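One structure is given below, encoded as structure tokens.
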Amino acid sequence: MDMDVANMLMLAGSTLALPILAFLASFLLWPAALIKVYYWYWRRRLGLQVDYVSCGSYRFCYSQRGKPGGSTPSILMLHGFSAHKDMWLSVVKFLPRNQHLVCVDMPGHEGTSRTGPEDYSIEGQVTRIHQFVQGVGLSRHHFHLVGTSMGGNVAGVYAARYPSNLSGLTLICPAGLVYPVDSVFVRRLKELESSGQTESIPLIPSTPQQMEDMLKLCSYVRFKMPQQVLQGLVDVRIPHNDFYREVFMEIVREESRHSLQDNLHLITAPLQVIWGKHDQVVDVSGASVLQEALPGCQVALLDNCGHSVVMERPRRTAQLIMDFLSAQEVNGSAKKLS
């Protein structure tokens, strides 16, 4: 009897060991594939559906949850440079299940069509995002636009170009301003330029060490990642590094570099600004630029937080966005009553 139990336990242990060994093998041998599975798992768990919409020959990839027409406006979320729609997963986790959300891959990124430089400038991206808005029907109702970093630059210029579409605007550490103080990243770029190392861009890593350095640059919170995960992140990015370099050169050109600054006077939508106090990529002094240009905006500066606000403070970010939406709803109701 004891021998039978022992044999059964050994069999059970061997059965359990198989998926564990498979996981470890995937982690060690195919970390890039495991990262993709991770995103797939969290999209499913959070109820996000991946879909595509075509505008002529151009195709957008996006994920969404919920249905438009609820008590709060739909939210469209624009990610930053070299990221993708799944960067918002950590924030989506803390947003209400009935809130209609749309997270789109920016032009050329992930599942959205990759064309040429004309679509990668800020104005080019704004034009494409407007096509997306019309293609998925977001323009049928007012919607709330959220953008971070490069996506914040695009979101701000979009608000200036298409004010009638928006109920509100949230800019998270946006690029595209004239900052009173140079960030660590900008100073590093100037050093690389002066030394002739123009091909070396800290936001385009090609080795695990460079990836770790980029994470340290973007985050105040220190994420301890195993070497295999760093390698996996690099493996996912390397095939796209030429594209990232092309996009980067477009958004730092004279006509795109200060696009948001040049269009601030045209923004009429209620504005919310969220910024990490320890941002090393785009300096937090940009918040004062927005406050001065648009005195009615709401500004939240987050302690112990860097450029990756979405990753470092997802719960707080979600709370701030929903509080802002609720305040706009109250203000709208008050105006109707008056």
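Bear in mind the structure is a predicted one, so any value in this text is a computation, not a measurement.
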Heavy atoms, side chains only, cut-off 4.5 Å: are V273 and L301 in contact? no
Quick one, I129 with M106, criterion side-chain contact (heavy atoms from CB on, under 4.5 Å). Give me CA distance, side-chain angles, the key distance, then yes/no. CA-CA 8 Å; I129 292 301; M106 297 294 280; 3.9 Å; yes
Here the pair of heavy atoms bringing P163 nearest to T268 is CB-OG1, 3.6 Å
Would you please name every residue forming a ring pair (Phe, Tyr, Trp, His ring centres under 6.0 Å) with Y179, sequence neighbours left out? none
Are Y220 and H307 close enough that their ring centers fall under 6.0 Å? no
Check for a donor-acceptor pair, side chain of N263 on one end and backbone N or O of L266 on the other, with a separation under 3.5 Å. no
Using a 4.5 Å cut-off on heavy atoms from C-beta on, say whether the side chain of T112 contacts that of F132. no
Rounded to the nearest 0.5 Å, what separates atom CD1 in I274 from atom CD1 in I172? 4.5 Å
Under a 4.5 Å side-chain heavy-atom rule over Ile, Leu, Val, Met, Phe, Trp and Tyr, are F324 and L320 clustered together? no
Take atom OH of Y38 as the centre, draw a 6.0 Å sphere, and report whether it contains more than 12 heavy atoms from other residues, nucleotides or ligands. no
Do the side-chain N and O atoms of Q99 and T72 include a donor-acceptor pair separated by under 3.5 angstrom? yes
Interatomic spacing from CG in L325 to OG1 in T170 - rounded to 0.5 Å: 7.0 Å
For atom CE of M87, decide whether the heavy atoms of other residues, nucleotides or ligands shown that lie under 6.0 angstrom number more than 12. yes
Carefully, step by step, assess L215 and M225 under the rule side-chain contact (heavy atoms from CB on, under 4.5 Å). CA-CA 10 Å; L215 293 175; M225 291 195 177; 3.8 Å; yes
Looking only at side-chain N and O atoms, does H100 offer a donor or acceptor that is under 3.5 Å from a partner on S74? yes
Contacts of Y158 meeting ring pair (Phe, Tyr, Trp, His ring centres under 6.0 Å) (sequence neighbours excluded), chain-then-number -> H130, Y162
For the residue pair R43 and L89, establish whether any side-chain heavy-atom pair is separated by less than 4.5 Å. yes
Between S54 and S57, is there a donor-acceptor pair closer than 3.5 Å when you use the side chain of the first and the backbone of the second? no
Within-4.5 Å side-chain heavy-atom neighbours: L171 and T148: no
Looking only at heavy atoms, which two atoms of D283 and S183 are closest? And how far apart? N-CB, 3.8 Å
Same cluster or not: V92 versus V50, using hydrophobic residues (I, L, V, M, F, W, Y) connected whenever any side-chain heavy atoms lie under 4.5 Å apart? no
Do I267 and V133 belong together in a cluster built from hydrophobic side chains that touch within less than 4.5 Å? yes
Any residue meeting ring pair (Phe, Tyr, Trp, His ring centres under 6.0 Å) with Y58, in chain and number order, not counting sequence neighbours: F60
Q228 and L230, any side-chain heavy atoms less than 4.5 Å apart: no
What's the spacing between D213 CG and T207 OG1 if we round to 0.5 Å? 7.5 Å
Looking only at non-hydrogen atoms, find the nearest pair between S82 and R237 and report the distance. OG-NH2, 3.1 Å
Chi angles and distances behind the ring pair (Phe, Tyr, Trp, His ring centres under 6.0 Å) call for F248, Y120: CA-CA 9 Å; F248 185 82; Y120 307 148; over 10 Å; no
Does any N or O in the side chain of H142 come within less than 3.5 Å of the main-chain N or O of S164, such that one atom is a donor and the other an acceptor? yes
Nearest 0.5 Å, what's the CZ-CD1 distance between F81 and I251? 5.5 Å
Please say yes or no: joined through hydrophobic side-chain contacts below 4.5 Å, possibly via intermediate residues, are V102 and Y39 part of one cluster? yes
Side chain R97, main chain L46, donor-acceptor under 3.5 Å: yes
Do S121 and Q125 have a side chain donor and acceptor closer than 3.5 Å? no
Could you report the tightest heavy-atom contact between D262 and H265, atom names first, then the distance? O-CE1, 3.1 Å
Centres of the H109 and H79 rings: under 6.0 Å? yes
For M322 and L95, work out which heavy atoms get closest and say how close. CG-CD2, 3.6 Å
Side-chain ion pair, D182 and R187, N-O less than 4.0 Å: no
Checking side-chain polar atoms at under 3.5 Å, does R128 have a donor or acceptor matched by the opposite partner on Q131? yes
How far apart are the closest heavy atoms of P202 and L217, and which atoms are they? CB-CD2, 4.1 Å
Side chain proximity check, K216 to R222, heavy atoms < 4.5 angstrom: yes
How long is the straight-line distance from CG of L203 back to CE of M214, given to the nearest 0.5 Å? 6.5 Å
Give a yes or no on whether E246 atom CD has more than 12 heavy-atom contacts from other residues, nucleotides or ligands under 6.0 Å away. yes
Donor-acceptor contact present, side-chain D105 to main-chain K85, <3.5 Å: yes
Counting N and O atoms only, with roles assigned by atom type, does the side chain of Q261 sit under 3.5 Å from a partner on the main chain of V178, one being a donor and the other an acceptor? yes
Is the backbone N or O of V252 less than 3.5 Å from a side-chain atom of R257, with the two atoms forming a donor-acceptor pair by type? yes
Between E250 and R253, does at least one N-O distance fall below 4.0 Å, as a salt bridge requires? yes
Would you indicate whether R45, at its atom CZ, is surrounded by more than 12 heavy atoms from other residues, nucleotides or ligands within a distance under 6.0 Å? no
Check step by step if side-chain contact (heavy atoms from CB on, under 4.5 Å) holds for S206 and N241. CA-CA 8 Å; S206 55; N241 274 357; 4.0 Å; yes
Could you check whether Y52 and Y62 have their ring centres less than 6.0 Å apart? no
Please check if the side chain of S308 supplies one atom and the backbone of C218 the other of a donor-acceptor pair under 3.5 Å. yes
Using atom types as modelled and distance alone, determine if a side-chain donor or acceptor of Q64 lies under 3.5 Å from a backbone N or O of L101. no
Are P174 and N153 side-chain neighbours, meaning at least one heavy-atom pair lies under 4.5 Å? no
Identify the residue among R313, R316, K277 that makes a salt bridge (charged side-chain N to carboxylate O under 4.0 Å, His left out) with D303. K277
Do V181 and L260 land in one hydrophobic cluster if side-chain heavy atoms of ILVMFWY residues count as linked below 4.5 Å? no
Assess the residue pair H240 and R114 against the criterion (side-chain contact (heavy atoms from CB on, under 4.5 Å)); give the C-alpha distance rounded to whole Å, side-chain angles, the decisive distance to 0.1 Å, and a yes or no. CA-CA 11 Å; H240 308 287; R114 189 167 292 181; 3.3 Å; yes
Does Q291 use its side chain to pair, donor to acceptor, with the backbone of C297 at less than 3.5 Å? no
Would you mind reporting whether S90 and V310 have side-chain heavy atoms less than 4.5 Å apart? yes
OG of S256 to CD1 of I122, rounded to nearest 0.5 Å, is 5.0 Å
